[in-house]
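Here's the structure we're looking at; comments come further down.
Sequence lines set the chain letters: A, B, ... in the order given, protein chains first and strands last, and positions in each chain run from 1. Every heavy atom of this structure was used, including side-chain atoms; hydrogens, water molecules and symmetry mates were not.
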Amino acid sequence: AQKVTQAQTEISVVEKEDVTLDCVYETRDTTYYLFWYKQPPSGELVFLIRRNSFDEQNEISGRYSWNFQKSTSSFNFTITASQVVDSAVYFCALIRGDDKIIFGKGTRLHILP
Amino acid sequence: DTGVSQDPRHKITKRGQNVTFRCDPISEHNRLYWYRQTLGQGPEFLTYFQNEAQLEKSRLLSDRFSAERPKGSFSTLEIQRTEQGDSAMYLCASSLTATGNTEAFFGQGTRLTVV
């Protein structure tokens with residue numbers, strides 16, 4: 001069975017601090033894809049990144065970075081120098097092959113000014 | 001193309017009434033998903049289509065729910081005899097994929113309130 005676990009329900013940090021959102025996944029497949037989505041207060045899910053199971057190279061995009069480790073089945077997301085606009089709910093998701101997307105329960109991030 | 005479009009954005013209905021939601025995916029996207037999201041939870045899978053074929057329907061979905069994608073373009077989700085427990089945000093997403101390796105783009109959702 002597939003499963004995505006985001007153990008952090010809610011996180012609050014002060015602006016400019018770094019923050020890491022954890023994601024642990026379960027799948028028996030060797031080919032799968034992992035995603036992160038952002039859901040701001042407006043409600044629309046915004047795609048942030050996709051990573052396939054064969055590519056463990058970490059990725060950096062501006063203040064965002066992702067750490068994919070197959071050995072621990074984790075795909076963590078770090079925001080550097082956080083800003084108030086980063087306040088949102090963040091979802092980690094998994095898809096295997098030609099299947100449906102499975103989401104975690106999300107982490108609500110509060111960036112305090 | 002302006003992205004995935006959902007209509008209506010909000011729907012308030014009385015318990016027992018039927019409701020229908022529409023989703024227009026991004027042009028040429030062959031996969032279309034429906035998800036439901038309640039407060040404080042992640043999106044919960046309902047069903048998905050590859051072109052006009054419905055590939056899977058969640059076992060959590062009762063017989064009161066039905067979805068169609070008649071021409072492989074737009075899709076409708078109907079809920080019959082609505083119950084208060086159906087109150088949620090209904091999300092539609094689309095992607096261009098046959099192997100599931102591309103990201104899904106989501107619409108703004110339809111918020112259903114059953115009173």
Side-chain angles (χ1 to χ4, degrees), chain A residues 1-10 21-25 27 29-55 59 61 66 75 88-110, chain B residues 2-6 8-10 23 25-26 29-51 53-61 67 88-113:
Chain A
Q2 298 181 95
K3 186 178 179 181
V4 176
T5 302
Q6 295 180 254
Q8 304 151 308
T9 304
E10 202 161 345
L21 309 182
D22 299 332
C23 172
V24 175
Y25 62 93
T27 180
D29 292 84
T30 56
T31 301
Y32 53 89
Y33 303 86
L34 297 163
F35 305 86
W36 275 95
Y37 283 85
K38 175 182 180 180
Q39 189 173 43
S42 61
E44 187 171 351
L45 280 159
V46 178
F47 165 79
L48 295 178
I49 190 172
R50 178 189 75 239
R51 174 66 73 231
N52 72 60
S53 55
F54 299 109
D55 182 5
E59 182 161 339
S61 176
W66 291 269
F75 186 42
V89 182
Y90 291 85
F91 292 98
C92 182
L94 166 71
I95 187 171
R96 62 170 188 189
D98 190 20
D99 204 349
K100 59 188 177 290
I101 305 171
I102 302 296
F103 285 86
K105 293 190 175 183
T107 297
R108 183 174 297 275
L109 178 63
H110 300 277
Chain B
T2 57
V4 178
S5 177
Q6 292 188 245
R9 293 287 308 281
H10 303 273
C23 172
I26 293 173
H29 275 194
N30 51 11
R31 179 161 291 188
L32 187 147
Y33 301 88
W34 284 101
Y35 284 82
R36 177 173 63 189
Q37 187 178 22
T38 53
L39 197 62
Q41 299 296 315
E44 176 186 40
F45 169 76
L46 294 180
T47 188
Y48 74 122
F49 294 84
Q50 184 76 14
N51 299 310
Q54 189 172 18
L55 297 186
E56 186 176 343
K57 184 176 176 180
S58 170
R59 63 180 183 272
L60 301 175
L61 222 56
M89 175 75 84
Y90 289 83
L91 299 168
C92 176
S94 71
S95 65
L96 179 62
T97 179
T99 59
N101 65 341
T102 62
E103 62 272 20
F105 294 90
F106 282 79
Q108 293 184 303
T110 294
R111 183 170 295 284
L112 173 66
T113 303

- Query: How about A/Arg108: does its CZ atom have over 12 heavy atoms from other parts shown lying under 6.0 Å from it?
  - Reply: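 No.
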- Taking the side chain as every heavy atom from C-beta outward, state whether B/Phe45 and A/Phe103 have any atom pair closer than 4.5 Å. no
- Message: Between A/Glu10 and chain B, with a heavy-atom cut-off of 4.5 Å, which part of the residue counts as in contact: side chain, backbone, both or neither?
- Response: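 Contact with chain B involves no heavy atom of A/Glu10 at all.
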- Item | Part of A/Tyr32 lying under 4.5 Å from any heavy atom of chain B | neither
- Parallel, tilted or perpendicular, as decided by the 30° and 60° cut-offs, for the rings of B/Phe105 and A/Phe47: tilted
- Item | Non-hydrogen atoms of A/Ile95 and B/Arg31 that approach each other most closely |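 Closest approach of A/Ile95 to B/Arg31: CD1-NH1, 4.4 Å.
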- Message: If you compare all heavy atoms of B/Tyr35 against all heavy atoms of A/Ile101, which two are closest, and at what distance to 0.1 Å?
- Response: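 Smallest interatomic distance, heavy atoms only, reads OH-O, 2.6 Å.
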- Message: Does B/Glu103 form a side chain to side chain contact (heavy atoms under 4.5 Å, CB included) with A/Ile49? I'd like the steps, not just the answer.
- Response: CA-CA 8 Å; B/Glu103 62 272 20; A/Ile49 190 172; over 6 Å; no
- Between B/Glu56 and chain A, which part of the residue has a heavy atom less than 4.5 Å away: side chain, backbone, both or neither?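 Contact with chain A is through the side chain of B/Glu56 alone.
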- Item | Pair A/Phe91-B/Gln37, side chain to side chain contact (heavy atoms under 4.5 Å, CB included): steps then yes or no | CA-CA 12 Å; A/Phe91 292 98; B/Gln37 187 178 22; 3.3 Å; yes
- Item | Over-ring placement of A/Lys100 relative to B/Tyr48, 6.0 Å and 45° cut-offs |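 Here A/Lys100 fails the 6.0 Å and 45° test against B/Tyr48.
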